[in-house]
Amino acid sequence: MSKKKKNYKITIPVARPWLGRTERRYVAQALASGWISSRGGFIDKFEARFAGFCGVKYASSVCNGTVALHLALVALGIGPGDEVIVPSLSFIATANAVAYTGATPVFADIDSRNWCLDPSKIEAKITKRTKAVIPVHLYGHPAEMKPIMKLAGRYGLFVVEDAAEAHGAEVEGRMVGGIGDIGTFSFFGNKILTTGEGGMVVTNNRRLAEKMNILKNHGMDSRKKYWHPVIGYNYRMTNLQAAVGLAQLEKAGKILAERDLIRRRYDERLKNIPGITLPPAETWSRSVCWLYSILVGNKRVRDGLLSLLRDNGIESRPFFFPMETMPPYRENERCAVSARISARGINLPSAVGLTDREIEKICAIIVNYVGRG
Ligand SMILES: *Cc1c(COP(=O)(O)O)cnc(C)c1O
């Protein structure tokens with residue numbers, strides 16, 4: 001006899017989009033206008049406003065965060081035979097986008113203090129083939145951009161920031177995404193700002209901006225209709241998605257403030273508990289709370305906690321796996337810090353709307369469990 005699988009009802013999800021009247025009004029306007037594909041007023045407004053949000057000259061919308069990375073790499077001329085350095089710990093799309101170009105992702109270890117690409121681990125991975133590096137601002141905390149930019153400058157590497165999880169985060173007063181040659185964002189349903197599915201590429205370089213605009217639109221010459229000097233893609237966002245995005249962007253300050261509050265409540269309750277490491281907060285950074293993330297003592301405690309939370313109707317997630325351990329990218333050389341942090345990490349519910357009582361309930365379960373070892 002097989003044991004019946006228990007049917008857990010999730011009452012507190014890890015993430016939930018915060019949609020309101022303005023989103024509905026703008027989508028209704030887009031529908032009424034008839035502009036439901038990739039042209040229309042909301043696209044232009046969303047892109048202009050997002051450029052302002054990031055403090056960059058150019059922003060171009062695309063249909064998701066994965067193609068944003070691919071588009072950026074293609075625009076930089078990266079292709080077969082090239083190598084691109086990526087952090088071991090990220091969502092798989094960071095490495096996949098490199099693979100789509102025909103280039104090889106090369107995995108470098110992360111910094112134990114901020115869980116992002118460790119600048120001191122990059123140099124050993126640079127070869128004659130290395131063309132670019134992709135720092136990822138993981139779980140809302142920025143990568144250490146200053147030494148990364150310096151190193152990239154010294155070796156002539158392009159820098160693409162994967163800011164899919166960090167809308168609004170800053171490094172020494174500069175918004176992430178606008179520091180490297182190109183920054184990419186995702187607006188998936190669980191991200192800080194959402195359009196359902198969607199993404200954005202940002203840059204201060206006019207030539208790169210023009211190149212990405214052509215590539216995402218079937219490679220069509222911007223002045224000569226149906227003339228295609230290069231092989232492009234259809235990576236465009238729709239005006240309906242941009243309508244949602246504009247509404248989200250108009251309340252971005254409020255979303256970030258609400259998430260800061262959630263993080264502070266968790267921090268208050270979980271600080272000074274032996275066996276719990278709080279999310280990073282480097283002095284040179286302003287991080288944002290995408291998914292409130294902690295480390296516990298070891299993998300056994302982490303996995304126990306995941307299932308105990310689920311038994312209580314609380315959704316949580318394990319950290320990503322080190323990417324070099326997965327079948328398409330299997331490498332013998334493993335990233336030790338990434339492996340250690342990956343096994344001990346857990347993402348907790350972080351949606352706007354999460355109540356103090358819910359946070360208290362989640363923390364009580366965690367503190368009690370970790371306390372028992
Ligand atoms: C979500 C995410 C992506 C991919 O974005 P999609 O919009 O889901 O394609 C890329 N990189 C990181 C780090 C992400 O978290």
Side-chain angles (χ1 to χ4, degrees), residues 14-17 46 50 59-74 84-101 105 107-108 110-111 114-117 132-143 145 148 159-169 176-177 179-180 182-202 212 216 233-238 241-242 244-245 248 259 279-280 287-293 317-324 326 328-329 338 341-342 345 347 350-351:
V14 155
R16 186 197 292 129
F46 183 40
F50 197 79
S60 185
S61 58
V62 292
C63 49
N64 61 61
T66 306
V67 304
L69 282 164
H70 183 227
L71 190 65
L73 294 169
V74 173
V84 177
I85 295 172
V86 301
S88 158
L89 198 68
S90 179
F91 181 60
I92 196 69
T94 311
N96 285 351
V98 175
Y100 299 161
T101 68
F107 303 96
I110 58 167
D111 186 323
N114 54 50
W115 309 343
C116 297
L117 186 58
V133 53
I134 310 183
V136 180
H137 307 301
L138 197 75
Y139 301 135
H141 193 288
M145 291 306 293
I148 293 173
V159 176
V160 176
E161 291 176 74
D162 183 345
E165 306 180 354
H167 316 64
V176 300
I179 302 168
I182 300 176
T184 69
F185 291 84
S186 165
F187 304 115
F188 186 66
N190 69 7
K191 299 288 161 79
I192 292 172
L193 301 173
T194 187
T195 60
E197 293 274 3
M200 193 78 82
V201 288
V202 303
M212 290 192 286
K216 79 168 187 184
Y233 312 89
N234 177 358
Y235 279 175
R236 298 169 310 212
M237 174 182 272
T238 70
Q241 291 165 302
V244 177
Q248 290 269 296
R259 286 176 172 274
S287 57
V288 291
C289 182
W290 176 46
L291 294 179
Y292 187 85
S293 306
R317 302 263 170 87
F319 273 21
F320 303 127
F321 292 101
M323 295 192 290
E324 76 277 11
M326 280 183 269
Y329 301 117
S338 170
I341 285 174
S342 162
N347 308 125
S350 312

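Numbers here are sequence positions counted from 1. One-based numbering, in listed order, for ligands and for the atoms of each.
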- request: Mind checking ring-ring contact (aromatic ring centres under 6.0 Å, His included) for Trp115 and listing every partner two or more places apart, or none if nothing turns up?
  value: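 For Trp115, the residues satisfying ring-ring contact (aromatic ring centres under 6.0 Å, His included) (neighbours in sequence not counted) are Phe319.
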query: Counting distance only, does the side-chain N/O of Thr66 pair as donor-acceptor with the main-chain N or O of Asn64 below 3.5 Å?
result: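 Not at all, since once roles are kept as given, no pair shorter than 3.5 Å links the two residues.
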field: Minimum side-chain heavy-atom gap Val136-Val86 below 4.5 Å
entry: no
Ligand 1 contacted by Lys191 (non-hydrogen, < 4.0 Å):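 Yes, Lys191 has heavy atoms under 4.0 Å from ligand 1.
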query: Is it true that Ser90 lies under 4.0 Å from ligand 1, counting heavy atoms only?
result: yes
- prompt: Applying a 4.0 Å heavy-atom criterion (strictly less than), which segment of Val136 is in contact with ligand 1: side chain, backbone, both, or neither?
  reply: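 Under 4.0 Å from ligand 1, Val136 contributes side-chain atoms alone.
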query: Which word best sums up how the rings of His167 and Phe187 line up, parallel for under 30°, tilted for 30 to 60°, or perpendicular for over 60°?
result: tilted
Sub-4.0 Å atoms of ligand 1 with respect to non-hydrogen atoms of Asn64: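 What qualifies from ligand 1 is 7 (O), 9 (O).
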message: As an exercise, identify every atom of ligand 1 less than 4.0 angstrom from a heavy atom of Ala93.
response: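 With Ala93 as reference, the close atoms of ligand 1 come out as 4 (C), 10 (C).
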To check your reading of the model: name the closest protein heavy atom to [atom], its residue, and the distance in Å.
atom	result
atom 11 (N) of ligand 1	Asp162 OD2, 2.8 Å
atom 4 (C) of ligand 1	Thr66 OG1, 3.5 Å
atom 15 (O) of ligand 1	Glu165 OE2, 2.5 Å

task: Can you sort out the partners of Arg317 under side-chain hydrogen bond (donor to acceptor under 3.5 Å, both in side chains), two or more places apart, ordered by chain and number?
output: Glu315
- prompt: Which heavy-atom pair separates Ala95 from Pro105 by the least distance, and what is that distance?
  reply: O-CG, 4.0 Å
